[in-house]
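In what follows, a structure is listed as structure tokens, so that the remarks can point back to it.
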Amino acid sequence: MAKKHTYRFCFGPWNISEGQDPYGPPTRPAESFDWKLSQLKKHGFEAMMFHDDDAVPDLDDKSDRQVLQEARALRRRLDDLGIAAEMVAPRLWFAPQTIDGAYTSNDPKCRRYAIERSLRCLDIADCLGTDLIVLWLAREGSYLRESKNAARGLDYLVEALDRMLAHDQRVRLAIEPKPNEPMDHAYVPTIGHALAVAGLTRDPKRVGCLIESAHAILAGLDPADEIDFAMRFGKLWSLHLNDQNGLKYDQDRPFGNVSLRSAFDQIRALERHGYGSRGEYVCFDVHPFRTTKPEHWMDHLLNSRRTFVRLLEKVRSFDERAAQRLIADRNYQALDQMVIEHLLGR
Ligand code: XUL
Ligand code: MN
């Protein structure tokens with residue numbers, strides 16, 4: 001295991017959500033961005049994740065000058081509070097131009113919109129003092145196979161990544177794969193796909209990935225193995241820990257809420273490679289239950305962090321030597337029970 005270090009935690013304003021789902025309205029009144037930022041500070045999180053329009057609301061209606069002015073003003077507020085911006089992500093799934101895809105739309109005008117919006121996102125990130133851009137490719141894929149050409153989609157995607165890499169020589173792009181939802185099939189469903197796409201760009205060193213536990217589970221994969229795979233390439237630049245109960249809609253449950261053992265294995269993989277020791281944050285992409293009352297609004301985030309910290313103790317106190325002896329003896333039955341007993345505690 002790598003040398004022990006302390007982890008730093010973060011979340012995004014969208015993680016204090018109001019409870020709406022496709023079948024019903026919000027169950028909690030909306031709170032302001034300022035309130036969310038003050039909660040983040042009060043509870044000892046060290047960074048915030050941003051979508052471009054979390055940082056500069058309604059940015060499509062604003063001039064470049066105004067966007068930069070507002071981004072700089074936000075940076076001053078973050079600096080005063082001692083809060084870092086972890087990343088900025090272009091929200092490419094709301095605008096009318098992205099109805100049929102963003103970078104991979106069949107319409108060249110819409111593809112141009114997606115690229116221009118992304119370049120603005122890079123400028124915002126620069127103002128906020130982060131070189132990390134997260135790309136969740138929400139609408140890049142298909143509902144109707146015959147309406148799209150996946151090979152051409154890949155070319156369009158690489159073209160968009162190349163434009164971003166050329167726009168800012170320092171920026172790093174972290175692709176966040178997800179196999180489905182909102183698309184039936186996404187073009188970049190796994191970390192293997194994301195890293196393969198990175199290899200086609202003009203500067204593969206600056207294209208990496210972000211793993212979200214729930215997205216890996218939705219792809220039928222083990223999030224711990226995805227972490228090992230990405231970190232073996234030195235490409236895990238951010239992380240969305242959460243949980244997911246099987247192959248359903250994206251649930252964004254509190255970390256460890258479905259499988260403590262999987263959460264333990266994910267932290268083991270992070271520890272193995274020293275995640276966090278190069279400045280990476282542990283982010284929780286979790287949502288409150290729809291039933292949550294406003295007075296308990298932060299609990300899903302606090303509980304996720306508490307579970308992480310408690311499981312980290314379990315990872316660090318796991319008897320690796322005893323485990324290695326069982327592995328050498330191919331006694332996986334005993335190894336299995338050893339993990340269970342360790343998680344159960346005395
Ligand atoms: C969507 C998702 C997003 C990204 C940020 O499933 O996880 O919140 O993490 O754009
Ligand atoms: Mn996410």
Side-chain angles (χ1 to χ4, degrees), residues 4-19 28 30-56 71 73-89 91 124-125 127-134 136 174 176 210-214 227 236-243 252-257 263 266-267 270-271 274-289 292-313 315:
K4 292 184 179 44
H5 62 279
T6 50
Y7 287 86
R8 298 182 304 168
F9 301 99
C10 85
F11 65 83
W14 66 91
N15 297 121
I16 309 182
S17 52
E18 288 84 30
R28 293 172 290 275
E31 274 292 358
S32 65
F33 172 77
D34 288 3
W35 184 83
K36 294 177 180 182
L37 186 58
S38 70
Q39 290 294 308
L40 179 137
K41 172 76 184 166
K42 174 175 149 196
H43 291 288
F45 289 81
E46 287 167 89
M48 190 175 245
M49 313 188 266
F50 290 94
H51 289 116
D52 50 5
D53 57 0
D54 295 322
V56 180
L74 174 60
R75 169 72 182 275
R76 285 192 291 277
R77 285 176 58 203
L78 294 175
D79 284 352
D80 287 348
L81 289 168
I83 299 293
E86 192 252 351
M87 62 83 167
V88 187
R91 197 193 298 272
I124 293 172
C127 290
L128 297 188
T130 177
D131 63 356
L132 190 63
I133 300 293
V134 168
W136 170 46
E176 179 179 352
L210 178 161
I211 289 171
E212 173 163 325
S213 325
I227 290 171
L236 188 62
W237 297 340
S238 186
L239 184 66
H240 286 180
L241 293 183
N242 56 16
D243 214 343
D252 293 329
R253 286 170 176 252
F255 180 54
N257 147 300
Q266 289 171 64
I267 300 175
L270 296 173
E271 281 276 282
Y275 182 87
S277 59
R278 289 163 291 269
E280 309 93 333
Y281 287 88
V282 171
C283 310
F284 296 112
D285 198 357
V286 293
H287 285 271
F289 302 137
T292 300
K293 296 175 191 164
E295 59 267 36
H296 304 141
W297 210 338
M298 289 294 292
D299 289 359
H300 61 305
L301 289 157
L302 303 181
N303 291 343
S304 292
R305 184 176 61 184
R306 179 173 162 78
T307 303
F308 182 97
V309 169
R310 293 204 59 193
L311 282 175
L312 179 62
E313 286 167 17
V315 168

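If you take CE on Met48 and CG on Asn15, they are separated by 9.0 Å, rounding to the nearest 0.5 Å. Rounding to the nearest 0.5 angstrom, the gap separating the CG atom in Asp285 from the CG atom in Leu239 is 10.5 Å. Separating the CD1 atom in Ile16 from the NZ atom in Lys36 is a distance of 6.0 Å, to the nearest 0.5 Å. From Glu86, atom CD reaches atom CZ of Phe50 across 10.5 Å, with rounding to the nearest 0.5 Å. Between atom OH of residue Tyr7 and atom CD1 of residue Ile267 there is a gap of 7.5 Å, rounded to the nearest 0.5 Å. Considering CD1 of Ile133 and CD1 of Ile124, their distance stands at 9.0 Å, rounded to 0.5 Å.
Counting heavy atoms from C-beta outward, Arg77 and Leu37 have side chains that approach closer than 4.5 Å. Side-chain contact check for Arg305 versus Val282: every heavy-atom pair is 4.5 Å or farther apart. The closest side-chain heavy-atom distance from Ser238 to Leu132 is below 4.5 Å. A heavy-atom distance below 4.5 Å is not found between the side chains of Leu241 and Phe9. Side-chain contact between Glu18 and His287 is absent, with no heavy-atom pair separated by less than 4.5 Å. Using a 4.5 Å heavy-atom cutoff, the side chains of Val56 and Leu74 are not in contact. Using a 4.5 Å heavy-atom threshold, the side chains of Cys283 and Met87 count as separate.
Between Leu128 and Ala55, the shortest heavy-atom contact is CD1-CB, 4.0 Å. Taking both residues in full, the closest heavy atoms of Asp243 and Ala214 are given as O-CB, 4.1 Å, listed atom of the first, atom of the second, then distance. Annotation for Cys10 and Ala47: closest pair CB-O, 2.8 Å, computed over non-hydrogen atoms. The two atoms that bring Phe45 and Leu302 nearest to each other are CE1-CD2, 3.8 Å, heavy atoms only. The shortest heavy-atom contact between Arg75 and Cys127 is NH1-O, 3.1 Å. The minimum heavy-atom distance between Val286 and Pro254, with the atom names listed, is CG1-CA, 3.8 Å.
A side-chain donor from one of Asn242 and Asp252 sits under 3.5 Å from a side-chain acceptor of the other.
With sequence neighbours excluded, the residues satisfying side chain to side chain contact (heavy atoms under 4.5 Å, CB included) with Ser32 are Asp34, Trp35. The salt bridge (charged side-chain N to carboxylate O under 4.0 Å, His left out) check on Arg310 picks up nothing, with sequence neighbours excluded. Every residue meeting the side-chain hydrogen bond (donor to acceptor under 3.5 Å, both in side chains) condition with Arg8, not counting sequence neighbours, appears here in chain and number order: Tyr281. Residues satisfying the salt bridge (charged side-chain N to carboxylate O under 4.0 Å, His left out) criterion with Asp80, sequence neighbours excluded, are absent altogether.
Sorted by first and then second residue, the side chain to side chain donor-acceptor pair (under 3.5 Å) pairs with a member in residues 292-302 form an empty list; sequence neighbours excluded. Among residue pairs with one or both ends in residues 43-56, those qualifying as side chain to side chain donor-acceptor pair (under 3.5 Å) are Gln39-His43, His51-Asp54, His51-Arg91, Asp52-Arg117, Asp53-Arg91, Asp54-Arg91; sequence neighbours excluded.
Other residues, nucleotides and ligands place more than 12 heavy atoms under 6.0 Å from the CZ atom of Arg278.
Here the options are Arg253, His240, Gln266, the test is side chain to side chain donor-acceptor pair (under 3.5 Å), and the partner is Ser213; only Gln266 passes.
Taking the six-membered ring where the residue is Trp, Phe284 and Phe308 present perpendicular rings, their angle passing 60° and hence far from 30°.
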